[in-house]
Protein chains: 2
Amino acid sequence: MEFNKVAIKSLTLVDQVEEQILSYIVKNKLTSGTEIPSEFILAENFNVGRNVVREALSRLRMLGIIESRKHKGMVVREPDVMKNFSKVVNPYLLSKQSLLNLLDLRVSIESGITELIIHNITDEDIMEIESIVSKHIYQDEMKLKVENEIEFHSKLYHITKNQAIIDLLEMILPLFVYVNEKHENFKPINEKNKGKLIKHEDLIPFLKNRDVDGYRQAIYNHLKAYSEYVKQNRIIY
Amino acid sequence: MEFNKVAIKSLTLVDQVEEQILSYIVKNKLTSGTEIPSEFILAENFNVGRNVVREALSRLRMLGIIESRKHKGMVVREPDVMKNFSKVVNPYLLSKQSLLNLLDLRVSIESGITELIIHNITDEDIMEIESIVSKHIYQDEMKLKVENEIEFHSKLYHITKNQAIIDLLEMILPLFVYVNEKHENFKPINEKNKGKLIKHEDLIPFLKNRDVDGYRQAIYNHLKAYSEYVKQNRIIY
DNA sequence: AAATCTATATTTGTAGGACATAACACACAT
DNA sequence: ATGTGTGTTATGTCCTACAAATATAGATTT
């Protein structure tokens with residue numbers, strides 16, 4: 001576990017040590033629970049100050065790759081794949097283009113998980129969805145309270161039983177809330193899509209019939225009408 | 001910019017300061033390029049040691065939320081949404097379940113972007129894809145060289161022109177490589193799917209015909225056969 | 001007055017010392 | 001065998017110090 005100090009000029013020592021520690025974990029295939037050397041030992045081995053090691057460890061700790069137990073030592077952990085997203089998926093930190101990209105990504109995933117949903121969904125799920133929809137409060141012809149939006153779609157995500165999908169989509173959902181609040185009079189209705197506007201309750205029959213193609217088309221139209229409206233009316237920022 | 005030190009016992013000072021600085025940026029809607037106070041000032045304001053501030057800043061720097069210019073000061077930056085993923089999306093750091101979740105996520109996205117692809121694709125794109133496919137080298141009845149796999153699918157991703165989608169899928173692709181190499185004799189063929197196995201060249205006609213439903217079904221079968229095989233044969237680990 | 005040089009202050013990156021606190025290990029006494 | 005006490009270790013935090021590069025202001029020169 002040695003490396004050539006200042007081998008790459010543009011990187012700081014912290015950057016290099018971070019990389020070295022990570023590659024030390026990966027190369028040695030250290031699994032969750034494995035202890036790693038103390039800060040002092042690491043600093044000695046890398047021939048750097050302890051605070052350099054601490055900064056590098058601090059980053060890995062944030063990523064969830066290591067966990068430090070106070071006064072005991074550090075161990076390797078399995079990182080939460082999506083968790084680190086949440087800090088940067090923030091409408092105030094991202095550009096308009098990034099937000100639009102994420103909204104389109106959501107449309108793609110949410111229609112792309114159709115097979116998973118139709119395959120996994122139970123009658124209990126459908127009953128729960130009907131219960132959620134029945135509580136819906138339309139503030140407008142089309143605009144739901146954001147809590148209702150989140151509750152409904154989040155329920156759909158959980159049917160996939162895929163935690164990566166659930167986490168990723170639930171992370172993007174707040175962006176929708178942000179956009180929604182930015183535009184009080186949001187009405188995703190225009191000449192083109194007036195006929196095929198889909199509300200939450202319209203999705204239920206497709207779920208009941210386990211109609212893959214029908215549901216996919218419906219959820220796509222449901223989301224696309226919204227995202228097209230956002231783009232065309234430039235309601236972000 | 002003050003906060004109650006040790007307000008939450010379980011969090012370290014670094015955790016709290018990191019949160020405070022991030023919320024300082026978000027609340028004040030600091031946009032890319034805005035300068036933020038020096039480490040010394042921050043440490044003074046938060047009433048903590050400078051290294052605590054440095055550790056917190058080091059994390060935000062890694063996320064791309066701030067950038068520090070040596071000897072000059074720090075500025076706010078727009079973080080790269082997907083970049084931070086790459087460090088943790090590593091087969092040696094993730095559990096088998098997480099890998100499977102990501103492979104399923106890939107199937108969902110890659111079939112979910114069908115509309116984007118068919119809508120955006122140009123004749124030049126199709127020619128390029130045909131060129132890529134013509135270079136394909138089958139090492140086996142079904143197994144391609146990983147470079148070919150990556151080149152083909154990566155080209156599809158770029159047609160979406162959505163950087164979030166491109167980055168996310170290109171991050172998951174190496175996991176496929178890992179799984180592929182884990183199993184030398186990979187043959188995603190069994191009784192059930194023998195008839196509907198889709199190779200890369202089989203996708204091209206659907207692209208040419210701008211056939212949304214046909215392409216979606218084909219890419220889904222192409223990927224699903226593989227991912228089902230991975231699951232059923234437990235070839236990870 | 002304008003341009004140029006110079007000294008000083010600022011800021012990040014890095015090193016290293018110090019201490020509190022908690023957990024652990026081990027010897028020792030009961 | 002159990003309990004006690006002591007010393008060691010590890011992380012978390014604070015502090016000082018300095019190098020190097022940059023910006024700034026002031027002095028000097030033209």
Side-chain angles (χ1 to χ4, degrees), chain A residues 1-22 24-25 30 33-77, chain B residues 1-22 24-25 30 33-77:
Chain A
M1 199 172 16
E2 292 170 6
F3 78 117
N4 188 11
K5 218 163 152 179
V6 291
I8 305 162
K9 290 295 281 183
S10 63
L11 292 181
T12 65
L13 277 180
V14 175
D15 292 326
Q16 297 176 55
V17 170
E18 178 206 338
E19 200 181 314
Q20 288 293 317
I21 296 176
L22 184 55
Y24 162 75
I25 293 172
L30 303 189
T34 309
E35 296 193 7
I36 59 178
S38 72
E39 297 171 350
F40 186 78
I41 301 291
L42 288 172
E44 225 172 22
N45 284 357
F46 289 129
N47 196 30
V48 297
R50 192 182 150 217
N51 49 1
V52 168
V53 170
R54 273 192 65 80
E55 278 190 41
L57 290 170
S58 189
R59 296 177 179 181
L60 298 179
R61 196 156 40 237
M62 188 192 54
L63 293 178
I65 293 172
I66 66 169
E67 176 189 318
S68 59
R69 305 161 303 175
K70 209 171 177 179
H71 316 301
K72 287 173 72 179
M74 294 172 293
V75 293
V76 175
R77 283 282 175 240
Chain B
M1 200 176 10
E2 292 170 4
F3 77 118
N4 187 11
K5 218 163 151 178
V6 292
I8 304 160
K9 290 295 280 184
S10 63
L11 292 180
T12 65
L13 276 180
V14 175
D15 292 325
Q16 297 175 55
V17 169
E18 178 205 339
E19 200 182 314
Q20 289 293 317
I21 296 176
L22 183 55
Y24 161 76
I25 293 172
L30 302 190
T34 309
E35 296 193 5
I36 58 180
S38 73
E39 297 171 351
F40 185 78
I41 302 292
L42 288 171
E44 224 173 23
N45 284 358
F46 289 130
N47 196 30
V48 296
R50 191 180 149 218
N51 51 356
V52 168
V53 171
R54 274 191 65 81
E55 277 190 41
L57 291 170
S58 189
R59 296 177 179 180
L60 298 179
R61 193 156 41 236
M62 190 192 50
L63 293 179
I65 294 172
I66 66 168
E67 177 191 318
S68 58
R69 304 162 304 175
K70 207 170 178 180
H71 317 300
K72 287 172 72 176
M74 294 172 293
V75 292
V76 176
R77 283 283 175 240

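Note on naming: letters A, B, ... go to the chains in the order of the sequence lines (proteins, then strands), and numbering restarts at 1 for each one.
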Colleague: Please lay out, stage by stage, how I66(B) and I21(B) fare under the test side-chain contact (heavy atoms from CB on, under 4.5 Å).
Modeller: CA-CA 10 Å; I66(B) 66 168; I21(B) 296 176; 5.6 Å; no
Colleague: Are side-chain heavy atoms of N51(B) and R54(A) found at a separation under 4.5 Å?
Modeller: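 No; the side chains remain at least 4.5 Å from each other.
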Colleague: Could you give the CZ-to-C1' distance, from F40(B) to dA9(C), as a whole number of Å?
Modeller: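 One finds 13 Å between C1' of dA9(C) and CZ of F40(B), rounded.
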Colleague: Output the rounded distance in Å from CD (E39(B)) to C1' (dG13(C)).
Modeller: 8 Å
Colleague: Take atom CD1 of I36(B) and atom C1' of dT12(C), then tell me their distance rounded to the nearest Å.
Modeller: 12 Å
Colleague: Can you find a donor-acceptor N/O pair under 3.5 angstrom joining the side chain of R50(B) to the base of dG13(C)?
Modeller: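 Under the 3.5 Å cut-off, the side chain and the base do form a donor-acceptor pair.
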Colleague: Does dG13(C) have its OP1 or OP2 closer than 4.0 Å to a side-chain nitrogen or oxygen of R54(B)?
Modeller: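 Result: yes.
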Colleague: Between the protein and nucleotides 20-22 of chain D, which nitrogen or oxygen pairs come in under 3.5 angstrom?
Modeller:
{"residue": "dA20(D)", "atom": "N3", "partner": "H71(B)", "partner atom": "ND1", "Å": "3.0"}
{"residue": "dA21(D)", "atom": "O4'", "partner": "H71(B)", "partner atom": "NE2", "Å": "2.9"}

Colleague: Taking only residues two or more places apart in sequence, or in another chain, which ones meet E67(B) in a salt bridge (Lys or Arg N to Asp or Glu O under 4.0 Å)?
Modeller: R77(B)
Colleague: Toward the 5' end of DNA chain D, which comes first, N51(A) or G73(A), by nearest nucleotide?
Modeller: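 Mapping each residue to its closest nucleotide by heavy atoms, the 5'-most match is G73(A).
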Colleague: I need the residues from residues 55-66 of chain A with at least one non-hydrogen atom less than 4.0 Å from DNA chain D; give them sorted by number, or say none.
Modeller: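 Within residues 55-66 of chain A, the residues near DNA chain D are R61(A).
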Colleague: Tell me every residue that passes side chain to side chain donor-acceptor pair (under 3.5 Å) with S38(A), counting only those two or more places apart in sequence or in another chain.
Modeller: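 Partners of S38(A) under the side chain to side chain donor-acceptor pair (under 3.5 Å) test: none.
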Colleague: One thing to verify: whether R69(B) and E35(B) come together as a salt bridge, which I'm taking to mean a side-chain N less than 4.0 angstrom from a carboxylate O.
Modeller: yes
Colleague: With a 4.5 Å cut-off on side-chain heavy atoms, are E55(B) and M62(A) touching?
Modeller: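 No, their side chains stay 4.5 Å or more apart.
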Colleague: Counting only side-chain heavy atoms from C-beta out, which of dC14(D), dA15(C), dA10(D) sits nearest to L13(A)?
Modeller: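 Among dC14(D), dA15(C), dA10(D), the one nearest the side chain of L13(A) is dA15(C).
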Colleague: Nearest whole angstrom, please: distance from the C1' of dT10(C) to the CE of M74(B).
Modeller: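 So the two atoms are 13 Å apart, to the nearest Å.
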Colleague: Are the side chain of E39(A) and the backbone of V53(A) linked by a donor-acceptor contact shorter than 3.5 Å?
Modeller: no
Colleague: Looking at S68(B), I'd like to know whether one of its side-chain N or O atoms comes within less than 4.0 Å of OP1 or OP2 on dT11(C).
Modeller: no
Colleague: Tell me every residue that passes side chain to side chain donor-acceptor pair (under 3.5 Å) with D15(B), counting only those two or more places apart in sequence or in another chain.
Modeller: T12(B), R59(B)
Colleague: Rounded to the nearest Å, what distance is computed from the CD atom of residue E44(B) to the P atom of nucleotide dC14(D)?
Modeller: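 Distance check: E44(B) CD to dC14(D) P gives 14 Å.
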